[in-house]
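This report refers to the structure that appears directly beneath it.
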Amino acid sequence: MKDHVLKLLVDVPVEPKALAALRRSGRFDVDCMEPPEERVRDVDPSRLRGVDALFCTFPPSNLGDLDAVRWVQIASVGYAQLFGLDLAGRGIRATNARGCFDVPIGEWCVAMMVNLARDLRQMIRNQETATWDRSAIFQREVRGATVGLWGYGGIGRETARLAKHMGMNVHVMTRSGAVEPRRDVFTVEGTGDPGGVLPDRIFGNGAEMEFLGGLDFLVLAVPLTKTTEGMIGERELRALPRSAYLLNPARGPIVEQEALLRALREGWIAGAALDAHYQYPTPPDHPTWAVPNVVFTPHIAGSTLSPRYRTRLWDVFAANADRFARGEPLLNELTPQQLAGA
């Protein structure tokens, strides 16, 4: 493979410096789609033939014309667009953009915890109506509070790092009840918890109610899969203390919509910060817009318009292109089970 020039097809916006470095190496023939598209579409079969690796958000609908492809790098952390393509069965490896959004989403989580604790929404309403209100509800702290991270990937680990710096307790829920050091996963230098040493307590399958019952904030940090869809329902929401807040920067359908609306309206929980939703765009008449104890953001916690997103994404791709050429393990590689939606 070392003597073979690898053909790379790029269907994402270009980072000029990274692209130039790949081309200068002499190991890659890079073909960039113009304009790049964030949708499924047919691609001219002549551009797909002989391609060794594809860099895209959505693979083309005529995936079968990729007669030589052995690796697909996607530009998102979520990978539901790969379900049903039988990549593993065809011997095609796949990697995602884990790590590119850890910093902005971790910061969003911390910002939302402070905003919810101090009821910033009501303070802004008071400002707009010239209401002078110095109630204790606006003077609460997050120091000493307990944040529960359901999932401990990059987003969970960066949120944990920031929370610990703010004097918070960190509880983690994982399938196995263990947290391992991370290997072959892209991480921005100085961020996260690569060694898995920050959690104060770790819970596993079967201990969900105990985990939820001790939280001030619940942060959902898992991908949307067949297993996680609807995993937070009435039982889980009622298990939280009535003073607790839910933060969802992951995917809307992880939480059952009607159960969440009831929890917010009937006071099962104190409030929520929602960056992931059930409809895109959320229509103006959707009830979550009007719930007073919700901070509602339009899926911008870690969007592709984040200023460093493209640089980090191309860092992942360039590192993986080098590893692919050398026959080494890839960063952020998805398992056959993940590609099957398990």
Side-chain angles (χ1 to χ4, degrees), residues 38-40 56-61 63 71-102 105 148-157 172-180 182 185 202-209 211-212 218-240 246-263 272 274-280 282 288 299 301-302 330 332-342:
E38 287 195 353
R39 63 185 178 89
V40 180
C56 63
T57 300
F58 296 94
S61 51
L63 184 67
W71 163 46
V72 174
Q73 169 76 55
I74 57 172
S76 60
V77 178
Y79 46 88
Q81 67 268 42
L82 302 181
F83 296 169
L85 300 182
D86 192 29
L87 296 184
R90 296 177 56 188
I92 300 172
R93 303 164 72 182
T95 53
N96 69 354
R98 271 178 290 174
C100 294
F101 296 118
D102 295 354
I105 296 180
L149 300 161
W150 198 315
Y152 205 57
I155 292 167
R157 291 174 190 240
V172 170
M173 180 76 203
T174 68
R175 287 184 183 182
S176 65
V179 169
E180 303 292 340
R182 302 194 92 193
V185 176
I202 304 170
F203 299 78
N205 283 353
E208 291 86 353
M209 298 301 104
F211 166 70
L212 293 169
L218 169 62
V219 177
L220 301 180
V222 295
L224 178 62
T225 67
K226 296 173 185 176
T227 302
T228 62
E229 184 171 0
M231 76 175 194
I232 304 296
E234 179 173 348
R235 177 172 176 263
E236 290 74 22
L237 291 167
R238 287 190 181 277
L240 287 164
L246 169 71
L247 281 71
N248 188 2
R251 290 293 184 270
I254 292 170
V255 186
E256 293 180 5
Q257 181 173 206
E258 290 307 313
L260 175 59
L261 288 170
R262 283 191 62 198
L274 306 175
D275 189 59
H277 308 287
Y278 303 94
Q279 295 171 264
Y280 286 82
T282 300
T288 50
H299 209 145
L330 301 179
N332 301 350
E333 184 156 6
L334 300 167
T335 66
Q337 292 75 22
Q338 288 174 314
L339 292 172

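The figures that follow rest on heavy atoms only: side chains count, while hydrogens, waters and symmetry mates do not. Only a predicted model underlies this, so the values are computations on that prediction, with no experimental measurement involved.
- For the residue pair A250 and L220, the shortest heavy atom distance occurs at CB-O, 3.6 Å.
- L260 has its side chain within reach of L274: a pair of non-hydrogen atoms, C-beta onward, lies under 4.5 Å apart.
- Heavy-atom minimum distance, I74 versus G78: CD1-O, 3.6 Å.
- With contacts defined as side-chain heavy-atom distances shorter than 4.5 Å, the pair W150/I232 qualifies.
- Smallest separation of non-hydrogen atoms from P223 and Y79: CG-OH, 4.0 Å.
- Residues R262 and L237 fail the side-chain proximity criterion, which asks for heavy atoms closer than 4.5 Å.
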> Please walk me through it: do Q338 and E333 pass side-chain contact (heavy atoms from CB on, under 4.5 Å)?
Replying inline: CA-CA 10 Å; Q338 288 174 314; E333 184 156 6; over 6 Å; no
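- D275 places none of its side-chain heavy atoms less than 4.5 Å from the side chain of I105.
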> What do the steps show when you test R157 against Y152 for side-chain contact (heavy atoms from CB on, under 4.5 Å), and what is the final call?
Replying inline: CA-CA 6 Å; R157 291 174 190 240; Y152 205 57; 3.4 Å; yes
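- Residue R90 places its CZ atom among more than 12 non-hydrogen atoms of other residues, nucleotides or ligands, all under 6.0 Å distant.
- With contacts defined as side-chain heavy-atom distances shorter than 4.5 Å, the pair C100/V77 does not qualify.
- Counting only heavy atoms from C-beta outward, the side chains of P59 and L82 approach each other to under 4.5 Å.
- The shortest side-chain heavy-atom distance between L63 and L87 falls under the 4.5 Å cut-off.
- In this structure, the separation between CZ on R98 and CZ on R182 is 6.5 Å, given to the nearest 0.5 Å.
- Taking the six-membered ring where the residue is Trp, H299 and Y280 present tilted rings, their angle falling between 30° and 60°.
- Checked by atom type and distance alone, the side chain of Q73 pairs as donor or acceptor with a backbone atom of N96 at under 3.5 Å.
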> Going through the distances and angles, do R251 and T228 end up as a side-chain contact (heavy atoms from CB on, under 4.5 Å)?
Replying inline: CA-CA 10 Å; R251 290 293 184 270; T228 62; over 6 Å; no
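- Distance check: M173 CE to I202 CD1 gives 11.5 Å after rounding to the nearest 0.5 Å.
- Separation of atoms CZ (F211) and CG (L149) is listed at 7.0 Å; rounding is to 0.5 Å.
- Here the CD atom belonging to E38 is positioned 7.0 Å from the CZ atom belonging to F58, to the nearest 0.5 angstrom.
- Judged purely by atom type and a 3.5 angstrom limit, Q81 uses its side chain to pair as donor or acceptor with the backbone of T57.
- The shortest non-hydrogen separation linking A94 to L339 is CB-CD2, 4.0 Å.
- Across all their heavy atoms, E234 and A259 have their closest contact at N-CB, 3.7 Å.
- Looking at E236, its side chain does come within 3.5 Å of a backbone N or O of G233 through a donor-acceptor pair.
- Between atom OG1 of residue T288 and atom NE2 of residue H277 there is a gap of 7.0 Å, rounded to the nearest 0.5 Å.
- Here the CG atom belonging to L212 is positioned 5.0 Å from the CG atom belonging to L240, to the nearest 0.5 angstrom.
- Between M209 and A239, the shortest heavy-atom contact is SD-CB, 3.6 Å.
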